[in-house]
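Remarks on the structure that follows.
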Amino acid sequence: MKLAVAGKGGVGKTSLTAWLGDYLARKGEEVMLLDADTALSLGQALGLEEHDIPTPLIQNKGLIKERVGEGFFQINPKVDDLPDRLSKQVGNLRLMVMGTISDAGSGCACSPNALVKAMLAHLIVKNQQWIIVDLEAGVEHLGRGTVEYVDGLIVVSEPSIRALQTAARISVLARQMGLDRQVLILNRASSDFVLPDIKGLPPLTAVIPVLPSLASRQLESSSVLDLAEKDYLDDIAARIITSLMK
Ligand SMILES: Nc1ncnc2c1ncn2[C@@H]1O[C@H](COP(=O)(O)OP(=O)(O)O)[C@@H](O)[C@H]1O
Ligand SMILES: [Mg+2]
């Protein structure tokens, strides 16, 4: 299954991507995580040191040119070799990084985006194979069409009106692209939080409180894995997967 994780900046998209990927990989599934956020933090959330994070796709200009060309994009670029070629084994899952726009030396991320889009569109994902895309904050990536080719959308929000409004906008946009399998995850919210009546939000599937062990670790490490609350997070991950596969 191909999933994307979206929401306002700072709400917990990258953390949730790491938790979900880690959970599935420990269950023996084949997982590839794709960092499509310009902040490049998924590798760090997985506990990697800077030098262990795979080279961003956007720096591989030769490959991008070869596959999608310049100007007129090739519609069906060859992509089946790309996951192996561009991703790196991290523990029991694989990580691929798209990279920041500034790295490319131009203001346009369209070619690497086109390649990522082609990959999501044409890669055949079998049973027990997962691609999870950690999207850039906001709704821009949806507009560029990445989300057209995923099977499920995980919308993350904090219990704030701004984050929830962004969540609703993302959800509506994705539904307009035909993506109906969606879940809403409220992060850093207390269990008695009452969801305000905002039109367009996906069904609320899980509420994650502030995790004390993550909060207290932040000054030493950016890893979000192997927390004291791991079993709890596994339950949340299982619930998300079940809801999306319904
Ligand atoms: N439930 C939580 N409890 C405590 N800290 C959290 C929680 N969720 C996320 N964080 C922390 O908040 C920060 C932002 O989370 P992140 O996943 O990077 O958000 P995003 O990818 O949406 O920008 C990170 O430092 C992360 O470790
Ligand atoms: Mg992030």
Side-chain angles (χ1 to χ4, degrees), residues 3-23 33-50 53-54 56-58 90 93 95-103 109 116 131-142 146-147 153-171 174 182-193 202 204-237 239-240:
L3 304 177
V5 183
K8 189 179 159 294
V11 293
K13 298 180 293 298
T14 299
S15 306
L16 191 67
T17 306
W19 293 330
L20 205 56
D22 176 56
Y23 164 78
L33 302 185
L34 171 59
D35 188 350
D37 187 353
T38 48
L40 292 185
S41 53
L42 185 53
Q44 291 164 339
L46 294 170
L48 293 184
E49 298 291 335
E50 211 66 52
I53 296 176
L57 166 65
I58 199 159
V90 178
L93 49 80
L95 172 67
M96 189 187 298
V97 176
M98 193 165 106
T100 57
I101 292 166
S102 55
D103 285 344
V116 166
I131 299 180
I132 310 178
V133 190
D134 179 15
L135 289 172
E136 199 169 3
V139 292
E140 298 78 9
H141 252 80
L142 296 167
T146 315
V147 158
L153 181 67
I154 300 165
V155 184
V156 188
S157 181
E158 296 173 331
S160 77
I161 198 73
R162 288 263 319 278
L164 285 163
Q165 281 166 346
T166 304
R169 267 209 316 277
I170 289 170
S171 175
Q182 301 187 4
V183 292
L184 174 66
I185 309 303
L186 267 189
N187 190 23
R188 290 202 207 87
S190 62
S191 54
D192 56 4
F193 172 76
L204 180 60
T205 301
V207 178
I208 304 174
V210 171
L211 303 169
S213 79
L214 179 53
S216 66
R217 164 201 284 192
Q218 303 254 318
L219 277 177
E220 298 132 48
S221 158
S222 3
S223 167
V224 302
L225 299 184
D226 298 317
L227 297 171
E229 299 87 352
K230 188 169 174 177
D231 290 345
Y232 172 81
L233 290 169
D234 279 354
D235 285 345
I236 302 259
R239 204 183 315 158
I240 293 172

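Counting starts at 1 for both ligands and their atoms, following the listed order.
Taking each heavy atom of Val207 and Tyr232 in turn, the nearest pair found is O-OH, 3.1 Å. Counting all heavy atoms, side chain and backbone alike, Ala174 lies closest to Gln182 at CB-NE2, 3.4 Å.
Within the 4.5 Å cutoff, the side chain of Leu42 has no heavy atoms near those of the Val97 side chain. Counting heavy atoms from C-beta on, the side chains of Leu225 and Leu46 come closer than 4.5 Å.
The distance from the Mg ion (ligand 2) to the nearest N/O/S atom of Thr14 is under 2.8 Å.
Taking distance alone, with nitrogen or oxygen atoms compared against 3.5 Å, Ser41 stays at or beyond that limit from ligand 1. In terms of polar-atom proximity, defined here as any N/O pair under 3.5 Å, Pro209 does make such a contact with ligand 1.
In this structure, Met98 CE and Asp35 CG are separated by 9.0 Å, a value rounded to the nearest 0.5 Å.
Heavy-atom contacts of Ser15 reach the following atoms of ligand 1: 9 (C), 15 (O), 16 (P), 17 (O), 26 (C) (cutoff under 4.0 Å). Taking every heavy atom of Val210 and a limit of under 4.0 angstrom, the matching atoms of ligand 1 come to 3 (N).
The protein non-hydrogen atom at the shortest distance from atom 5 (N) of ligand 1 is Leu214 CD2, 3.5 Å. With hydrogens left out, the protein atom closest to atom 3 (N) of ligand 1 is Leu211 N, 2.9 Å, a heavy atom. Among protein heavy atoms, atom 18 (O) of ligand 1 sits closest to Thr14 CB, 3.9 Å. Remark: minimum distance from atom 19 (O) of ligand 1 to any protein heavy atom is reached at Gly12 N, 3.0 Å. With hydrogens left out, the protein atom closest to atom 23 (O) of ligand 1 is Gly10 N, 2.8 Å, a heavy atom.
Under 4.0 angstrom from ligand 1, the non-hydrogen atoms of Asn187 all belong to its side chain.
Between the side chains of Glu229 and Ser213, at least one donor N or O lies within less than 3.5 Å of an accepting N or O. Looking only at atom types and distance, the side chain of Gln44 has a donor-acceptor partner in the side chain of Glu50 under 3.5 Å away.
Of the options Gln218, Arg217, Arg188, the smallest heavy-atom separation from atom 13 (C) of ligand 1 is shown by Arg188. Compare Lys13, Gln44, Glu158 by their heavy atoms: the one nearest to atom 22 (O) of ligand 1 is in Lys13.
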Taking distance alone, no hydrogens or angles, what donor-acceptor pairs closer than 3.5 Å link side-chain atoms of residues 4-17 to residues at least two apart or in another chain?
| unit_1 | atom_1 | unit_2 | atom_2 | d |
| --- | --- | --- | --- | --- |
| Lys13 | NZ | Gly7 | O | 3.4 |
| Lys13 | NZ | Lys8 | O | 2.8 |
| Thr14 | OG1 | Asp134 | OD2 | 2.7 |
| Thr17 | OG1 | Lys13 | O | 2.7 |

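Remark: Asp235 engages no residue in a salt bridge (charged side-chain N to carboxylate O under 4.0 Å, His left out) (not counting sequence neighbours).
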